[in-house]
Structure formats: C-alpha cells, structure tokens
Trainee: 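One structure, pasted below without further comment.
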There are 2 protein chains.
Amino acid sequence: MLKYILLGFLNYQGMTGYDLKRSIDGSTAHFWHAYHSQIYTTLRKMERDGLVTSVIDDTDERLERRIYQITKQGKSKLKEWLGKSLTELPPSKDSLLVRLFFSGSRDRQEVLSELRFQRQLRQQQLELYQQIKPEEYSPPSQLRSDTLDFDREAKFWRMTLDLGLAYEQMYLKWLDETISQIESF
Amino acid sequence: MLKYILLGFLNYQGMTGYDLKRSIDGSTAHFWHAYHSQIYTTLRKMERDGLVTSVIDDTDERLERRIYQITKQGKSKLKEWLGKSLTELPPSKDSLLVRLFFSGSRDRQEVLSELRFQRQLRQQQLELYQQIKPEEYSPPSQLRSDTLDFDREAKFWRMTLDLGLAYEQMYLKWLDETISQIESF
DNA sequence: AAAATACATGTAATTATTGACATATAAAAA
DNA sequence: TTTTTATATGTCAATAATTACATGTATTTT
C-alpha cells in the first residue's frame with residue numbers, strides 16, 4: 001500500500017523522500033503512516049520498477065536532495081490501483097483493546113490509570129485534528145501538477161479528516177463510558 | 001502482540017492451535033486477528049521460550065490434536081506485560097481512507113459504488129457484532145482455570161465489543177455523510 | 001558557543017504478516 | 001456416493017513493518 005501512497009503524493013508534485021515523509025505525517029498518518037526507512041526503501045524499489053525517477057537537486061550543493069518524480073508508468077499504475085475497488089473489510093488492530101480484553105484479573109486502579117491516560121492522548125489527538133486544514137496540504141501552485149483539480153482533491157482530503165475526527169470522538173465517548181463502568185464495579 | 005493474546009487465552013484454559021484460532025476469530029478478531037500459520041509458528045516459539053508446553057492428545061488417535069498449556073513462566077510474562085501500560089497511541093491503518101484520499105480524480109460513480117459497497121459490509125459487520133454474546137466466550141466450567149473470575153472477565157470482553165459496535169456505527173454514519181456529499185458534487 | 005532540532009539520505013537486522021502449499025481424518029450436505 | 005466443509009497440523013517464501021545504526025549540513029534555541 002505504501003507504494004500507492006507515494007505515487008499519490010508524487011502525482012501531486014515531485015518531492016524528496018524527506019518531503020514525502022512530511023506529507024504523510026501531516027495528512028495520511030492517522031490512517032496510514034510509514035517510517036522514513038521504509039519510504040526510502042520503497043522509493044528505491046519503485047525506481048527500479050520504473051514507477052518513479054529521481055535526480056539529485058544541483059541547486060543545493062551542500063544538502064544532498066534527491067527529487068522523485070512519478071513516471072507515465074507510475075501514473076498508469078496508480079490509476080489501475082484506484083480502479084480496483086475494495087471488496088472486503090481489511091483487518092484492524094488495537095493494542096488497547098487487547099490489553100482490556102485480558103484485564104479481568106488486573107488491579108482496577110491500574111486499568112483506570114491506563115484508560116485515563118489513553119483518554120488524554122485521544123483528546124490531544126482530537127484537538128490536533130481540529131487544527132488541521134486539509135486545504136493547506138496543497139503544494140504551492142507554481143509547483144504542482146497542472147492536470148489535477150486541487151479544490152476537488154481537498155474535498156476528499158477533508159472527508160478522511162472527518163473520519164479521523166469522528167473516530168476520536170467515538171473513542172473518547174467509549175472511554176468515558178468504560179471508565180464509568182469500571183469505577184462502579 | 002500475538003504472543004500475549006495466545007497467553008491470554010491459554011490462561012483461561014488449555015487448547016489446541018486450532019481452538020486458539022477459533023477463539024481469536026470469535027472474540028478478538030475485530031481488534032486483533034491472525035492467520036493459523038502465524039499462530040502455529042508463534043506457539044512453537046513460545047514453547048521453545050518456555051512460556052507454554054504442549055502434549056499430543058492421546059484420546060483421539062485419529063485426529064492429531066496438540067494441546068497447549070500455559071506455564072508458570074508464561075503466566076508471569078503475561079502479568080508483566082499487562083502491568084506495563086500503553087503510553088502512546090499505536091498507529092492504525094485504513095485502506096479505504098487511503099483510496100478515498102487520492103480519489104479526487106476518480107470517476108464519481110466509481111467512488112460512490114465503492115463506498116456503498118463498504119457501507120453494506122459495515123452494516124453486515126454491525127449486525128454480526130449485535131449477535132455476539134461475549135459471556136459465551138467462556139470455556140465450559142469444568143475445563144477452565146479455577147483462579148479466574150469469568151463473570152468479571154466477561155465484563156471486560158463486553159467493553160471491547162462495545163467499542164466494536166460504536167466503531168461500526170460511527171463508520172456507517174460517516175459513510176452516509178460522505179456518500180451524500182459526493183452525490184451533491 | 002554549545003546544544004538541540006531540522007533537513008537530508010541511507011543500510012541492515014529483526015520481527016510480523018500474508019498467503020500459498022501440503023497433508024490427513026471426520027462429518028455434513030448434495 | 002460424492003462433494004464440501006470442518007477439524008487438525010504444519011512448512012515456507014515473500015512482503016511489510018519496526019527499530020537501530022550511521023552519516024552529514026543547516027538552523028534554531030539555550
């Protein structure tokens with residue numbers, strides 16, 4: 001999947017591996033993230049497969065910046081992937097629920113502490129998402145692809161942020177109810 | 001993480017690898033699942049590490065059943081793991097959001113079809129969760145561990161199911177809103 | 001001035017996961 | 001009777017993810 005995310009961003013504009021990491025961190029991270037080591041490794045593989053090309057940026061002799069660009073083959077691969085709809089629900093993982101599931105024999109105060117701490121983290125996450133303006137994901141207009149309607153793209157970006165917001169709100173509500181239940185044991 | 005899930009179930013009662021797969025599929029799968037190949041591989045490793053022991057069930061000569069039991073070391077490891085609270089939010093993944101994020105240039109009807117299909121899948125998932133009675137996760141009383149309070153365990157199992165229900169309901173609501181928005185482009 | 005952080009790019013080992021291949025008996029369904 | 005599904009246990013290759021190690025310049029903060 002990371003390959004398609006990288007293609008998706010490079011379809012917007014050419015950028016460095018470091019830029020890609022920042023793009024992911026600032027937009028898709030709540031539903032897909034990656035470590036920089038995986039990004040660089042995947043970019044290498046994609047270049048080998050002809051999906052992207054790269055060139056060292058000469059204008060900055062001191063910082064060694066490698067700019068990646070999507071190729072026609074890469075655009076075609078991205079389009080093909082987007083054309084194949086998901087037909088099943090992919091599995092999801094939640095470490096907290098694993099721990100809670102097996103917490104019947106834990107000390108009640110310990111469980112409550114952990115849930116309260118998680119609640120704080122979720123609250124912070126929600127507040128962070130509330131600050132985000134997906135419209136600002138757009139690259140500067142002189143650099144970005146001419147063939148894309150970024151106003152329309154921004155609508156889709158916002159939809160994913162809306163799900164992130166709804167998810168955190170749902171989780172907070174559930175945490176409140178769960179904390180209350182455990183408090184009343 | 002799978003190691004701790006297996007320890008958690010084996011703490012309830014001894015069981016085969018196949019039983020463990022069924023236990024996971026019937027309870028934790030919405031927040032942690034595993035393929036049988038990973039379960040068998042992980043059980044081997046856990047046996048090598050002294051966390052479980054196994055014995056071939058002689059009473060059934062024709063079906064080759066290997067029963068795993070948690071060891072004292074395994075109980076200790078599970079308790080130690082449960083005693084270390086989560087201190088950060090683990091990353092999550094959602095393939096649909098990745099696709100939606102990059103769908104600005106897709107055909108509107110295609111996007112709508114995919115989302116409507118996902119809605120059906122989520123509705124089915126919700127109905128499935130509504131059928132589940134976590135209290136029925138308990139092993140038969142003559143087989144299970146004496147030292148655990150299964151009524152109390154069941155309370156925690158239900159809390160995780162409640163999150164699953166809330167998650168599907170939240171997702172359905174978001175899908176409805178998102179489908180409406182795209183319809184009105 | 002020094003320390004910390006940001007901007008950069010890697011490599012490598014390890015762990016985790018996916019998915020296929022493989023085998024075999026028992027029970028249920030067609 | 002045959003086919004399908006359930007009950008079982010593996011092994012293995014490939015891919016994905018995590019984590020650490022490594023190096024180096026620029027900018028900001030203390």
Side-chain angles (χ1 to χ4, degrees), chain A residues 1-7 14-26 28-29 31-49 51-52 54-68 81 86-95 98, chain B residues 1-7 14-26 28-29 31-49 51-52 54-68 81 86-95 98:
Chain A
M1 179 80 73
L2 181 60
K3 173 165 70 185
Y4 300 111
I5 294 172
L6 300 178
L7 285 175
M15 56 182 94
T16 65
Y18 190 84
D19 287 333
L20 282 160
K21 167 75 171 143
R22 284 196 303 163
S23 294
I24 289 169
D25 286 350
T28 72
F31 55 89
W32 210 278
H33 88 292
Y35 293 92
H36 84 279
S37 50
Q38 199 182 0
I39 292 169
Y40 288 113
T41 299
T42 304
L43 284 170
R44 285 297 190 186
K45 194 173 188 313
M46 288 163 70
E47 188 165 21
R48 208 180 64 235
D49 293 344
L51 304 178
V52 301
S54 74
V55 70
I56 300 290
D57 182 2
D58 282 339
T59 61
D60 200 315
E61 287 161 14
R62 294 166 296 170
L63 276 178
E64 200 180 306
R65 296 173 86 244
R66 183 186 292 272
I67 313 293
Y68 291 87
W81 175 70
L86 281 179
T87 53
E88 52 191 12
L89 297 177
S92 69
K93 307 233 155 157
D94 188 321
S95 309
V98 173
Chain B
M1 179 78 75
L2 181 59
K3 172 166 69 185
Y4 299 112
I5 294 173
L6 299 178
L7 285 175
M15 56 183 96
T16 66
Y18 190 84
D19 287 333
L20 282 160
K21 166 74 171 144
R22 285 196 302 165
S23 295
I24 289 169
D25 286 349
T28 72
F31 55 88
W32 211 278
H33 89 295
Y35 292 89
H36 83 280
S37 52
Q38 199 183 0
I39 291 170
Y40 289 112
T41 299
T42 303
L43 284 170
R44 285 296 190 187
K45 193 172 190 309
M46 288 163 69
E47 189 164 22
R48 207 179 66 237
D49 293 344
L51 304 180
V52 302
S54 72
V55 69
I56 300 289
D57 184 359
D58 283 336
T59 62
D60 201 314
E61 287 160 13
R62 292 166 298 172
L63 274 178
E64 199 181 306
R65 298 174 87 242
R66 183 187 292 271
I67 314 291
Y68 291 88
W81 175 69
L86 281 180
T87 53
E88 51 191 11
L89 296 177
S92 68
K93 308 239 153 151
D94 187 321
S95 308
V98 173

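Chain letters run A, B, ... following the sequence lines, proteins first, then strands; residues in each count from 1. Since the model is a prediction, treat every value here as computed from it, not as a measurement.
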Trainee: Are any of B:Arg66's side-chain N or O atoms less than 4.0 Å away from OP1 or OP2 of D:dG10?
Mentor: yes
Trainee: Where do A:Met46 and A:Lys3 come nearest, in terms of heavy atoms and distance?
Mentor: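 So the minimum-distance heavy-atom pair works out to CE-O, 3.6 Å.
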Trainee: Taking CD1 from A:Ile39 and P from C:dA12, how many angstroms apart are they, rounded to a whole number?
Mentor: 19 Å
Trainee: Starting at atom CG of B:Asp49, determine the distance to atom P of C:dT15, rounded to an integer number of angstrom.
Mentor: 10 Å
Trainee: Do the side-chain N and O atoms of B:Arg66 and B:Ser54 include a donor-acceptor pair separated by under 3.5 angstrom?
Mentor: yes
Trainee: Check this for me: does any side-chain nitrogen of one of B:Asp19 and B:Arg22 sit under 4.0 Å from a carboxylate oxygen of the other?
Mentor: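 Salt bridge: yes.
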Trainee: Please report the closest heavy-atom contact between A:Ile24 and A:His33, naming both atoms and the distance.
Mentor: CG2-CA, 3.9 Å
Trainee: For A:Asp57 and C:dT9, what is the distance between atoms CG and P respectively, to the nearest whole Å?
Mentor: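 Atom CG in A:Asp57 sits about 10 Å away from atom P in C:dT9.
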Trainee: Could you check how far CG of B:Asp25 sits from P of D:dT5, rounded to whole Å?
Mentor: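 Those two atoms, CG and P, are 17 Å apart.
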Trainee: For the helix from C:dA1-D:dT30 to C:dA30-D:dT1, what is the angle between the axes at its two ends, each from 5 pairs, rounded to 10°?
Mentor: 50°
Trainee: Within the pair A:Tyr35 and D:dA17, is there a side-chain N or O less than 4.0 Å away from OP1 or OP2?
Mentor: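 No, A:Tyr35 has no side-chain N/O under 4.0 Å of OP1/OP2 on D:dA17.
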Trainee: Here's a test of your reading of the structure: between A:Gln38 and A:Arg65, which maps to the more 5' nucleotide of DNA chain C?
Mentor: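 Its nearest nucleotide lies further toward 5', so the answer is A:Arg65.
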Trainee: Would you kindly compare B:Glu64 and A:Trp32 by the position of their nearest DNA chain D nucleotide and give the one closer to the 5′ end?
Mentor: B:Glu64
Trainee: I need the minimum non-hydrogen distance between A:Leu43 and A:Tyr68, along with the two atoms involved.
Mentor: CD1-CE1, 3.6 Å
Trainee: Mind checking B:Tyr68 for me? I need base, sugar-phosphate or nothing, with any heavy atom below 4.0 Å counting as a touch.
Mentor: sugar-phosphate
Trainee: Do any side-chain nitrogens or oxygens of A:His33 fall under 4.0 Å of OP1 or OP2 in D:dT18?
Mentor: yes
Trainee: Distance check needed: D:dT18 P versus A:Leu2 CG, whole Å only.
Mentor: 11 Å
Trainee: If you take all heavy atoms of B:Asp94 and A:Trp32, which pair is closest and at what distance?
Mentor: N-CE3, 3.8 Å
Trainee: Do B:Ser37 and C:dG19 share a donor-acceptor pair, side chain to base, under 3.5 Å?
Mentor: yes
Trainee: For the pair B:Asp49 (side chain) and B:Leu51 (backbone), establish whether a donor and an acceptor sit closer than 3.5 Å, ignoring hydrogens and angles.
Mentor: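 A pair under 3.5 Å: no.
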Trainee: Considering all heavy atoms of both residues, which atom of A:Ala34 and which atom of A:Lys21 are nearest to each other, and what is their separation?
Mentor: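 It is O-NZ, 3.3 Å.
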Trainee: Side-chain N or O of A:Lys93 less than 4.0 angstrom from OP1 or OP2 on C:dT17?
Mentor: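 Yes, such a contact exists.
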Trainee: Could you state the CE-P distance from A:Met1 to C:dA16, rounded to the nearest angstrom?
Mentor: 22 Å
Trainee: Show the nearest heavy-atom pair for residues B:Gly17 and B:Ile39, with the distance to one decimal.
Mentor: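 Closest heavy-atom pair between B:Gly17 and B:Ile39: O-CG2, 4.1 Å.
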Trainee: Is the shortest heavy-atom distance from the side chain of B:Ile5 to the side chain of B:Leu20 under 4.5 Å?
Mentor: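 B:Ile5 does not reach B:Leu20 side chain to side chain.
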Trainee: Please compare B:Tyr40 and A:Lys45 by the position of their nearest nucleotide in DNA chain D and report the one closer to 5'.
Mentor: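 Taking each residue's closest nucleotide, the earlier one in sequence belongs to B:Tyr40.
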Trainee: In whole angstroms, how far is the P atom of D:dT15 from the CE atom of A:Met46?
Mentor: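 About 15 Å, once rounded to whole Å.
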Trainee: Calculate the interatomic distance between B:Lys21 atom NZ and D:dT7 atom C1'; express it in whole Å.
Mentor: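 In whole Å, D:dT7 C1' and B:Lys21 NZ are 14 Å from each other.
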Trainee: Could you go over nucleotides 25-27 of chain D and give all protein N or O partners under 3.5 Å, atom names and distances?
Mentor:
unit_1: D:dA26; atom_1: OP1; unit_2: A:Arg62; atom_2: NE; d: 3.0
unit_1: D:dA26; atom_1: OP1; unit_2: A:Arg62; atom_2: NH1; d: 2.9

